[in-house]
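In what follows, every chain begins at residue 1, and chains take the letters A, B, ... in the order their sequences are listed. Values below: every heavy atom of this structure, side chains too, minus hydrogens, waters and symmetry copies. Remember, it's a predicted structure, so these values are computed and weren't measured experimentally.
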Amino acid sequence: MLRYVVHRIVMMVPTLLLISVVTFVVIQLPPGDFLSTKLAEMESQGEAIRIEKIEYLRRMYGLDRPVWEQYLYWLWGLAHGDLGWSFEYDRPVTEVIGDRLFLTFLVSFATVLFTWIVAFPIGIYSATHQYSWGDYGLTFIGFLGLATPNFLLALIFLYLANVWFGTSIGGLVDPQYLDQPMSWAKFVSVLEHLWVPVLVVGTAGTAATIRRLRANLLDELRKPYVVTARAKGLTRRRVLLKYPLRMALNPFIADLGQLLPEFISGSALVSVVLSLPTTGPVLVRALQTQDMYLAGSFLMLEALLVVVGMLVSDLLLAVLDPRIRFGGGQSR
Amino acid sequence: MSRRDLGREPFDPDAIAGAPRVGGAALAAASPWQLFWWRFRQHRMATAALGFLVLLYLSLFATEFLAPYHRDSRDPAHILAPPQRLRFVHEGELRAPFVYGYRMRLDPRTLARLYEEDRSRIEPLRFFCHGDRYRLWGLIEADLHLVCPAPGGSFFLLGTDRLGRDLFSRLVYGARVSLTVGLCGIAVSFLLGILFGGLSGYYGGLVDHAVQRTIEVIRSFPTIPLWLSLSAAIPVWWDPIWVYFGITLILGLIDWTGLARAVRSKVLALREEDFAQAARLIGAGPRRIVFRHLLPSFASHLIASVTLSIPSMILGETALSFLGLGVRAPMVSWGVLLNDAQNINVIVLYPWLVTPVVPVIAVVLAFNFLGDGLRDAADPYRSW
């Protein structure tokens with residue numbers, strides 16, 4: 001087991017390196033850089049340009065140097081926890097990102113929990129009542145959840161909350177807590193706001209998980225050991241809970257690796273609509289203004305989150321399912 | 001479905017109604033695709049979805065004819081006008097289809113435009129009539145439309161946008177982009193997926209390792225941020241048509257990994273089969289073995305999984321355009337139309353601007369059902 005864990009962690013290094021290369025290429029793709037866009041913008045507005053500062057920044061972040069050197073510089077900083085400088089905010093990226101990354105993580109995590117709690121009973125019901133009205137109805141609702149664009153759902157919730165309660169459910173806390181340190185009242189306020197993005201982002205993932213749980217459970221229910229257990233006189237319920245369900249649970253863990261990227265990207269979009277203080281809106285803005293270190297570090301950290309999530313899900317799966325051997329590559 | 005000994009439900013003769021009632025002889029003589037089709041037809045929703053989608057895609061050829069107005073034609077007198085209801089009855093009397101005209105006044109305090117139905121103005125619709133000029137497929141000049149407003153009247157079935165353009169017409173034009181973006185994207189993803197999945201599965205070893213690592217890396221990025229980043233790289237001065245192809249390329253470039261994995265696992269399993277071995281012994285090259293012998297045996301699976309990934313592309317384009325990073329004016333797509341409905345005020349004041357989401361949901365649902373049916377039918381030799 002230990003060998004497997006070490007192997008998996010070592011294998012993460014080349015993956016992360018490759019991810020950093022891809023990220024850097026992606027943020028370098030737009031022609032020009034932030035300083036040149038900014039310069040052009042300021043010049044067109046006839047503003048005075050503080051040349052020293054621009055030159056200083058250019059030198060400091062090596063924008064005058066060749067691309068590969070910039071990459072190494074960025075990577076070197078990343079390895080030391082220095083994510084670079086956000087030109088747009090004029091602050092270190094770490095400061096801009098800090099809270100937001102945590103909130104993105106919070107929303108994603110809550111969404112995963114929500115998905116599991118909802119998908120679990122529905123999946124079991126659909127599988128044990130295959131082709132019943134309930135099954136059809138739930139399947140249809142599931143598909144509907146898949147088909148509705150997340151941002152629209154968010155808008156609808158905003159609208160309904162506005163009409164029914166006369167409140168705004170945008171944002172992640174009530175305005176009065178905005179600049180306050182974390183407290184119990186603020187925490188409660190966060191929870192009050194959290195359900196909207198969680199519900200919105202969760203719908204798509206929930207539908208997919210229900211489908212998979214249903215399919216897996218149906219496969220298991222057809223296996224001979226179920227007949228044996230029934231023949232021995234176990235109740236239907238006991239058979240279901242004791243054997244096939246445990247097998248069908250694996251997708252929940254295995255899905256974690258796929259759900260995380262989905263939820264992060266889903267929340268990116270929903271956040272723009274709900275103006276949540278997560279990474280989404282900042283990333284969109286950073287991409288538009290070519291604030292390359294900010295955008296790059298965002299992409300990098302979100303990818304890191306996913307890679308770690310996949311690692312955790314693989315390890316959990318190896319623990320839960322003794323059939324999975326630690327040969328590597330077999331775990332999915 | 002085949003193991004009836006476990007279920008509680010009584011034997012259901014409909015479950016095999018789609019199958020030929022003829023004996024085993026016809027079943028044995030039927031080609032795989034014939035079996036595939038028989039099996040597919042059992043899935044009612046999937047069959048309905050297929051019909052719906054075929055109709056929709058056929059309509060793309062007649063976009064200009066079906067839309068009552070041209071994509072860009074503006075009516076400055078009717079800005080943000082609410083939808084006009086299609087009516088058949090006027091004061092208890094049946095008539096040819098018509099709409100009531102608008103009566104507009106300005107709210108003296110807020111300066112908002114308030115529209116009301118003017119019951120005294122009956123504007124009968126014209127059919128197969130001459131209206132806005134257009135170039136069919138960009139080639140043939142014409143001005144024939146299926147439906148036109150009465151002379152001097154208006155016909156805004158879904159209302160108008162902030163420039164006074166007919167939303168319904170724009171929806172019909174937008175279908176061209178929204179429906180094809182998924183197909184073009186899937187073509188890219190299909191090619192890449194088969195190529196890399198095939199290579200990876202057939203050769204194994206170092207090639208396999210490299211491809212698998214690449215896939216892992218691409219999959220570690222959350223899709224929407226990555227789409228955003230890539231489409232932010234499309235230069236602003238590009239022609240809209242190039243932007244469109246750029247977007248499809250981006251959608252395809254990120255989507256192929258799932259397909260490649262599926263292809264790889266199938267090829268891995270199949271390359272050891274006897275028929276593959278036989279082909280190798282006769283002296284067939286890898287390319288021939290993969291494409292001529294292995295691929296056909298899981299083509300149906302591929303089609304099913306491709307169908308299931310089209311909706312995510314359609315939603316992807318919608319999301320990109322919604323954020324303003326997708327298709328650009330003068331091109332329209334459903335996402336571009338939804339871009340107007342980005343905030344809560346718009347939805348409260350002009351709810352009809354949200355209607356483009358209805359076709360998005362309908363099409364995505366249809367593709368999901370279609371894919372579901374195809375997947376069920378993918379393995380025609382499974383017991384009936």
Side-chain angles (χ1 to χ4, degrees), chain A residues 14-15 18-19 21-23 26-31 130-132 140 143-144 146-152 155-156 158-159 162-163 168 170 221-222 226-227 230 257-258 260-266 268-269 272-273 279-280 283-284 287-288 290 295 298-299 302-307 310 329, chain B residues 1-3 5-9 12 15 45 209 212-214 216-235 261 311-312 314-315 318-319 322-325 334-335 338 341-344 346-348 351 354 357 360-369 372:
Chain A
T15 309
L18 265 177
I19 288 178
V21 174
V22 174
T23 305
V26 165
I27 56 176
Q28 281 285 354
L29 270 181
Q130 198 191 4
Y131 300 132
S132 68
F140 187 76
F143 272 144
L144 210 59
L146 268 181
T148 315
N150 279 338
F151 56 85
L152 185 90
L155 279 173
I156 291 175
L158 272 182
Y159 175 70
N162 211 352
V163 172
S168 164
L221 283 173
R222 286 176 190 152
V226 178
V227 185
R230 285 286 287 155
Q258 288 169 13
L260 265 183
E262 202 177 296
F263 288 163
I264 291 176
S265 71
L269 208 62
V272 175
V273 176
T279 53
L283 179 69
V284 173
L287 287 169
Q288 280 162 348
Q290 293 197 34
F298 262 133
L299 275 181
E302 292 188 338
L304 180 71
L305 204 63
V306 173
V307 171
M310 281 184 177
Chain B
M1 206 175 350
S2 57
R3 300 284 302 266
D5 45 346
L6 283 177
R8 263 180 302 190
E9 67 275 12
D12 178 16
M45 289 302 277
H209 209 68
Q212 289 310 304
R213 278 291 91 71
T214 316
E216 207 167 289
V217 167
I218 296 181
R219 284 182 90 108
S220 331
F221 285 102
T223 43
I224 287 187
L226 195 54
W227 279 339
L228 288 177
S229 320
L230 286 174
S231 52
I234 296 179
R261 280 206 164 165
S312 71
I314 294 178
L315 286 177
T318 310
F322 177 75
L323 290 175
L325 285 165
W334 294 337
L338 283 171
Q342 223 174 29
N343 64 58
I344 180 84
V346 170
I347 297 194
V348 175
V354 191
V357 86
V360 173
I361 295 179
V363 167
V364 171
L365 262 183
F367 267 116
N368 270 318
F369 278 120
D372 218 33

Considering the options A:V21, A:V22, A:T15, which one meets the side chain to side chain contact (heavy atoms under 4.5 Å, CB included) requirement together with A:I19?
-> A:T15
Could you tell me which portion of B:I361 (side chain, backbone, both or neither) has an atom closer than 4.5 angstrom to a non-hydrogen atom of chain A?
-> both
B:L338 versus chain A, heavy atoms under 4.5 Å apart: side chain, backbone, both or neither?
-> side chain
Residue part contacting chain B, namely of A:L144, when any heavy atom lies under 4.5 Å = both
Once you round to the nearest 0.5 Å, how far does OG1 of B:T214 lie from NE2 of B:H209?
-> 10.0 Å
